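Quick caveat: nothing in here was measured; it's all calculated off a predicted structure.
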Amino acid sequence: MVAEPPLPPSISAQLKYLLVHSPHPFRIEQIWSGCKNSRFSDRFTLLVPFCLDYIKWDIIYNAFYPFSAPDIVFSLDDEEFRPLLPVSDREGGAESQARLMRSSLWDWNSKDPSRLFKLVHEIRDLYVQYQRRRVGEVDDARLKFEISTILSREGIEVCLISGPDKSEEVKFVVPLLDVNLNKLVHACPWKQEQKIYLQVVFPVSRSYSLAPLAPRIKLVSSSQLKDLLSVEDVKLPSWVDGMCMAEYLPSLEDTLIVQVCDLSEPVVVMEAVAFVGARRRFIEALVPKFGRPLEADPIFCRKATILAVTGVFTFLVHFSLSTHFPKQQPTLILQSSQHFNSQGAPIMSPPLNNYPWSPRWDAAEMVERIFDFLVKECMSFKTYCLDAVVQ
């Protein structure tokens with residue numbers, strides 16, 4: 001597969017600025033060129049975070065005119081989203097022109113690396129408003145009430161979910177806990193502020209009902225926060241029939257104060273940080289038996305890889321430690337350094353956790369038991385590799 005050519009320097013600088021400085025975790029799915037045999041690529045698919053999911057926008061530059069502003073192509077599901085066109089038939093050309101002049105596209109300056117950053121955030125804000133309008137137009141009395149009582153809360157996002165094979169639903173995403181979780185992690189590597197959210201999904205009911213269906217609710221953390229803790233362990237209060245989100249949120253936040261916070265100190269987070277210390281001690285205990293790890297996660301201590309040798313057989317041992325360590329034992333995967341499959345990939349064992357384990361042991365004993373297990377298991381793994389090569 002031939003690699004796509006690079007972006008022109010001015011476009012590359014704008015994209016890098018967006019990815020580095022944005023408070024949202026934007027990602028790039030692909031980069032490509034709009035014409036054959038070009039020195040440069042000039043377009044890319046941007047994954048835009050919204051409502052705990054991603055939407056796709058194609059950002060289209062012109063490599064022959066890299067100093068011109070880009071076009072943005074939205075998904076087919078959002079064909080009615082036209083952020084810089086008149087928002088209604090009643091809006092005249094003057095109002096539309098005034099809005100365009102306020103946008104980042106007006107008087108585009110390609111030498112300013114922050115211009116794409118400003119444009120994408122501006123369009124994303126308009127998309128949030130667009131989704132709110134869509135939900136507000138849904139003919140559902142309960143949803144109209146929810147919107148009127150909750151959307152004033154800062155940071156809430158809402159979207160209409162529909163499809164050919166599913167009933168319409170409305171998803172609310174509510175940020176919780178005004179606590180800077182990043183500051184609780186030593187040498188924190190996170191660029192974006194990590195958050196815990198409540199996700200509430202309501203089925204759309206087109207007719208009035210005395211007993212509307214309860215929504216689906218769950219806690220969700222931002223993706224990088226999952227390396228530190230699991231919010232699935234927090235027990236949510238029950239949703240009582242006839243309840244609305246404005247009533248549920250105070251009950252939920254009281255629960256979180258008890259389970260996650262105590263006198264403004266996040267206990268669950270502090271416990272998770274303590275678990276990082278336990279995982280670090282385990283990885284350090286590998287050294288006397290296995291030697292210094294080839295690789296190890298220095299921040300959250302979730303992964304480590306050591307090199308093992310028995311006779312002439314050399315293999316790697318990958319340790320994967322969950323956020324529940326030491327309650328949950330590490331998962332081991334063995335990888336041969338000498339045996340490869342037909343695609344040229346090294347042969348690896350299935351995940352292994354059938355070895356003696358107790359969370360009450362100290363780190364040295366945990367490692368000692370794993371070492372004894374591997375002394376026997378490595379011979380079975382060598383046979384497994386030879387059989388795989390023959391096949």
Visitor: Can you list the residues that meet the salt bridge (charged side-chain N to carboxylate O under 4.0 Å, His left out) rule with Arg369, with sequence neighbours excluded?
Guide: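 Partners of Arg369 under the salt bridge (charged side-chain N to carboxylate O under 4.0 Å, His left out) test: Glu365.
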
Visitor: Do Ile161 and Ile150 share a hydrophobic cluster (ILVMFWY, side-chain heavy atoms under 4.5 Å, transitive)?
Guide: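 Ile161 and Ile150: separate clusters.
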
Visitor: Can Glu169 and Arg216 be counted as an ion pair, charged N to O under 4.0 angstrom?
Guide: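 Counted as a salt bridge, because a side-chain N and a carboxylate O are separated by less than 4.0 Å.
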
Visitor: Got a second to check how far Phe319's CZ is from Ile283's CD1, nearest 0.5 Å?
Guide: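 Answer for the CZ-CD1 pair, Phe319 versus Ile283, is 9.5 Å.
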
Visitor: Would you call Glu193-Lys195 a salt bridge at under 4.0 Å N-O?
Guide: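 Result for this pair is yes, salt bridge flagged.
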
Visitor: Taking the side chain from Arg132 and the backbone from Val158, do they hold a donor-acceptor pair closer than 3.5 Å?
Guide: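 Not confirmed, Arg132 side chain does not pair with Val158 backbone.
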
Visitor: Spell out, yes or no, whether Tyr384 and Leu352 are grouped together once hydrophobic residues are joined by side-chain heavy atoms under 4.5 Å, including indirect joins.
Guide: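 Linked within one cluster.
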
Visitor: Side chain of Trp357, backbone of Pro330: donor and acceptor closer than 3.5 Å?
Guide: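 Pair absent, no side-chain N/O of Trp357 close to backbone of Pro330.
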
Visitor: Are Phe300 and Leu321 close enough, and set up right, to give a side-chain contact (heavy atoms from CB on, under 4.5 Å), and what steps lead you there?
Guide: CA-CA 10 Å; Phe300 301 111; Leu321 287 72; over 6 Å; no

Visitor: Any idea how Tyr248 and Trp239 line up, ring-wise: parallel (<30°), tilted (30 to 60°), or perpendicular (>60°)?
Guide: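 Aromatic pair Tyr248/Trp239 classed tilted.
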
Visitor: More than 12 non-hydrogen atoms from neighbouring residues, nucleotides or ligands closer than 6.0 Å to CD on Gln30, yes or no?
Guide: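 Result for CD/Gln30: enclosed.
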
Visitor: Give me the atom names and distance for the closest heavy-atom approach of Phe74 to Pro83.
Guide: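 Shortest heavy-atom separation between Phe74 and Pro83 comes out as CE1-CD, 3.8 Å.
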
Visitor: Between Tyr130 and Val73, is there shared hydrophobic-cluster membership here, with clusters defined by ILVMFWY side-chain heavy atoms closer than 4.5 Å?
Guide: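 Not linked; separate clusters.
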
Visitor: So, the side chain of Glu122 versus the backbone of Ser104: is there a donor-acceptor pair under 3.5 Å, distance only?
Guide: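 Yes.
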
Visitor: Using only atom types and a distance under 3.5 Å, with no angle test, would you say the side chain of Ser238 pairs donor to acceptor with the backbone of Val240?
Guide: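 No, the answer is negative, given that no donor and acceptor are paired below the 3.5 Å cut-off.
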
Visitor: I need the Ile59 CD1 to Ile123 CD1 distance, nearest 0.5 Å.
Guide: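 Rounded to the nearest 0.5 Å, the CD1-CD1 separation comes to 9.0 Å.
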
Visitor: Of all residues at least two apart in sequence or in a different chain, which pass the salt bridge (charged side-chain N to carboxylate O under 4.0 Å, His left out) check with Lys289?
Guide: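 Salt bridge (charged side-chain N to carboxylate O under 4.0 Å, His left out) check on Lys289 returns Glu368.
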
Visitor: Can you tell me if Asn354 has over 12 outside heavy atoms packed within less than 6.0 Å of its CG?
Guide: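 Counting neighbours around CG of Asn354, more than 12 heavy atoms of other residues, nucleotides or ligands fall under 6.0 Å, so yes.
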
Visitor: Is Ser336 close to Pro346 at the side-chain level, that is, under 4.5 Å between some pair of heavy atoms?
Guide: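 Pro346 does not reach Ser336 side chain to side chain.
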
Visitor: Less than 4.5 Å apart, any side-chain heavy atom of Lys144 and any of Ile147?
Guide: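 They are not in contact (no side-chain heavy atoms under 4.5 Å apart), so the answer is no.
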
Visitor: Check for me, please, whether Leu47 and Tyr127 land in the same ILVMFWY cluster - side-chain distances under 4.5 Å, paths through other members count.
Guide: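 In one cluster: no.
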
Visitor: Under 4.5 Å between side-chain heavy atoms, chaining through other members, with only Ile, Leu, Val, Met, Phe, Trp and Tyr counted: pull out the rest of the cluster around Met379, sorted by chain and number.
Guide: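 None, because no other hydrophobic side chain comes under 4.5 Å of this residue.
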
Visitor: Using only atom types and a distance under 3.5 Å, with no angle test, would you say the side chain of Glu146 pairs donor to acceptor with the backbone of Met245?
Guide: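 Here the side-chain-to-backbone pair exists.
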
Visitor: What distance separates Arg360 CZ from Asp362 CG, expressed to the nearest 0.5 Å?
Guide: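 Reported value, rounded in 0.5 Å steps: 13.0 Å.
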
Visitor: If you define the side chain from C-beta out and look only at heavy atoms, does anything of Arg39 sit under 4.5 Å from Pro5?
Guide: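 Not in contact.
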
Visitor: Find out whether Trp32 and Arg43 are in side-chain contact, i.e. whether some heavy atom of one side chain is under 4.5 Å from a heavy atom of the other.
Guide: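 Of all side-chain heavy-atom pairs linking Arg43 with Trp32, at least one is under 4.5 Å.
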
Visitor: Let's go through Leu15 and Ile11 carefully: what are the C-alpha distance in whole Å and the side-chain angles of both, what is the deciding distance for side-chain contact (heavy atoms from CB on, under 4.5 Å) to 0.1 Å, and is it a yes or a no?
Guide: CA-CA 6 Å; Leu15 178 56; Ile11 299 175; 5.5 Å; no

Visitor: Report yes or no: do Val173 and Ile156 belong to one cluster of Ile/Leu/Val/Met/Phe/Trp/Tyr joined by side chain heavy-atom distances under 4.5 Å?
Guide: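 No, Val173 and Ile156 fall in different hydrophobic clusters.
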
Visitor: Could you measure the distance from the OG atom of Ser33 to the CG atom of Leu7? Nearest 0.5 Å is fine.
Guide: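 Spacing of OG (Ser33) from CG (Leu7) equals 10.0 Å.
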
Visitor: Evaluate the side-chain contact (heavy atoms from CB on, under 4.5 Å) criterion for residues Thr310 and Cys378: first the C-alpha distance (whole Å), next the side-chain angles of each, then the deciding distance (0.1 Å), finally the verdict.
Guide: CA-CA 8 Å; Thr310 174; Cys378 68; 3.8 Å; yes

Visitor: Start with the C-alpha distance between Arg302 and Thr323, add both sets of side-chain angles, then the distance that settles side-chain contact (heavy atoms from CB on, under 4.5 Å), and finish with yes or no.
Guide: CA-CA 8 Å; Arg302 295 286 306 279; Thr323 55; 3.6 Å; yes

Visitor: With a 4.5 Å limit on heavy-atom distance, are the side chains of Ser322 and Phe275 in contact?
Guide: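 Counting from C-beta outward, Ser322 and Phe275 never come under 4.5 Å.
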
Visitor: Angle class for the Phe172/Phe202 ring planes (parallel below 30°, perpendicular above 60°, tilted otherwise)?
Guide: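 Taking Phe202 first and then Phe172, their aromatic rings stand perpendicular (interplane angle over 60°).
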
Visitor: What do you reckon, is CZ of Phe340 surrounded by more than 12 foreign heavy atoms closer than 6.0 Å?
Guide: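 Yes - once you tally the heavy atoms of other residues, nucleotides and ligands closer than 6.0 Å, there are more than 12.
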
Visitor: Can a side-chain donor-acceptor contact be found between Glu168 and Ser162 if the only test is distance below 3.5 angstrom?
Guide: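 No.
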
Visitor: So, the side chain of Asp78 versus the backbone of Phe81: is there a donor-acceptor pair under 3.5 Å, distance only?
Guide: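 Side chain of Asp78 to backbone of Phe81: no pair is present.
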
Visitor: Tell me yes or no: between the side chains of Gln14 and Tyr61, is some donor less than 3.5 Å from an acceptor?
Guide: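 Tyr61 and Gln14 do have a side-chain donor-acceptor pair below 3.5 Å.
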
Visitor: Are Pro70 and Leu119 side-chain neighbours, meaning at least one heavy-atom pair lies under 4.5 Å?
Guide: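 Heavy-atom side-chain distance check passes, below 4.5 Å.
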
Visitor: Return the orientation label for the His121 and Phe117 ring planes: parallel under 30°, perpendicular over 60°, tilted otherwise.
Guide: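 Aromatic pair His121/Phe117 classed tilted.
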
Visitor: Roughly how far, to the nearest 0.5 Å, is the CG atom of Leu52 from the CG atom of Leu198?
Guide: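 Between atom CG of Leu198 and atom CG of Leu52 there are 9.5 Å.
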
Visitor: Are any side-chain N or O atoms of Glu157 and backbone N or O atoms of Phe50, one a donor and one an acceptor, separated by less than 3.5 Å?
Guide: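 No; zero donor-acceptor contacts below 3.5 Å.
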
Visitor: Classify the ring geometry of Phe381 against Phe315: parallel below 30°, tilted from 30° to 60°, perpendicular beyond 60°.
Guide: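 The rings of Phe381 and Phe315 stand perpendicular, inter-plane angle above 60°.
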
Visitor: Among Ile60, Asn62, Leu105, exactly one meets side-chain contact (heavy atoms from CB on, under 4.5 Å) together with Asp71. Which residue is that?
Guide: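 Going through Ile60, Asn62, Leu105 one by one, the side-chain contact (heavy atoms from CB on, under 4.5 Å) with Asp71 is satisfied by Ile60 alone.
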
Visitor: To the nearest 0.5 Å, how far apart are CD1 in Ile347 and CG in Asp387?
Guide: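 So the CD1 of Ile347 and the CG of Asp387 are separated by 9.5 Å.
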
Visitor: Return the minimal non-hydrogen interatomic distance between Ala296 and Pro298, and the atom names on each side.
Guide: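 The pair with the smallest heavy-atom distance is O-CD, 3.1 Å.
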
Visitor: Of all residues at least two apart in sequence or in a different chain, which pass the ring-ring contact (aromatic ring centres under 6.0 Å, His included) check with His318?
Guide: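 For His318, no residue satisfies ring-ring contact (aromatic ring centres under 6.0 Å, His included) once neighbours in sequence are set aside.
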
Visitor: Looking at Thr314, is its backbone amide N or carbonyl O close enough to the side chain of Gln338 to form a donor-acceptor pair, meaning the two atoms are under 3.5 Å apart?
Guide: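 Flag set: sc Gln338 to bb Thr314 pair under 3.5 Å.
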
Visitor: Within 45 degrees of the ring normal and closer than 6.0 Å to the centroid, is that where the cationic atom of Arg27 sits relative to Tyr54?
Guide: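 Pair Arg27/Tyr54 counts as cation-pi.
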
Visitor: List, by chain and number, the other hydrophobic cluster members for Met348, where Ile, Leu, Val, Met, Phe, Trp and Tyr join if side-chain heavy atoms come within less than 4.5 Å, directly or indirectly.
Guide: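 Result for Met348 is Ile333.
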
Visitor: With distance as the sole test, does Glu247 use its side chain to make a donor-acceptor pair with the main-chain N or O of Cys244 at under 3.5 Å?
Guide: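 It does hold such a pair.
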
Visitor: Just by modelled atom types, is the Val204 backbone N or O under 3.5 Å from a matching donor or acceptor in the Arg142 side chain?
Guide: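 A pair under 3.5 Å: no.
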
Visitor: Does the ring center of Trp57 lie less than 6.0 Å from the ring center of Phe26?
Guide: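 No - the distance between ring centres of Trp57 and Phe26 does not fall below the 6.0 Å cut-off.
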
Visitor: For Val312, which fellow cluster members are found when Ile, Leu, Val, Met, Phe, Trp and Tyr are connected by side-chain heavy-atom distances below 4.5 angstrom, either directly or through intermediates?
Guide: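 Listed partners: none, Val312 stands alone.
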
Visitor: I want to know whether Phe371 and Phe290 have ring centres closer than 6.0 Å.
Guide: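 That pair passes the under 6.0 Å test.
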
Visitor: Can you find a heavy atom in the side chain of Leu18 that is under 4.5 Å from one in the side chain of Leu46?
Guide: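 Side chain of Leu18 against side chain of Leu46, heavy atoms only: contact under 4.5 Å found.
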
Visitor: With a 4.5 Å cut-off on side-chain heavy atoms, are Tyr355 and Asp372 touching?
Guide: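 No, their side chains stay 4.5 Å or more apart.
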
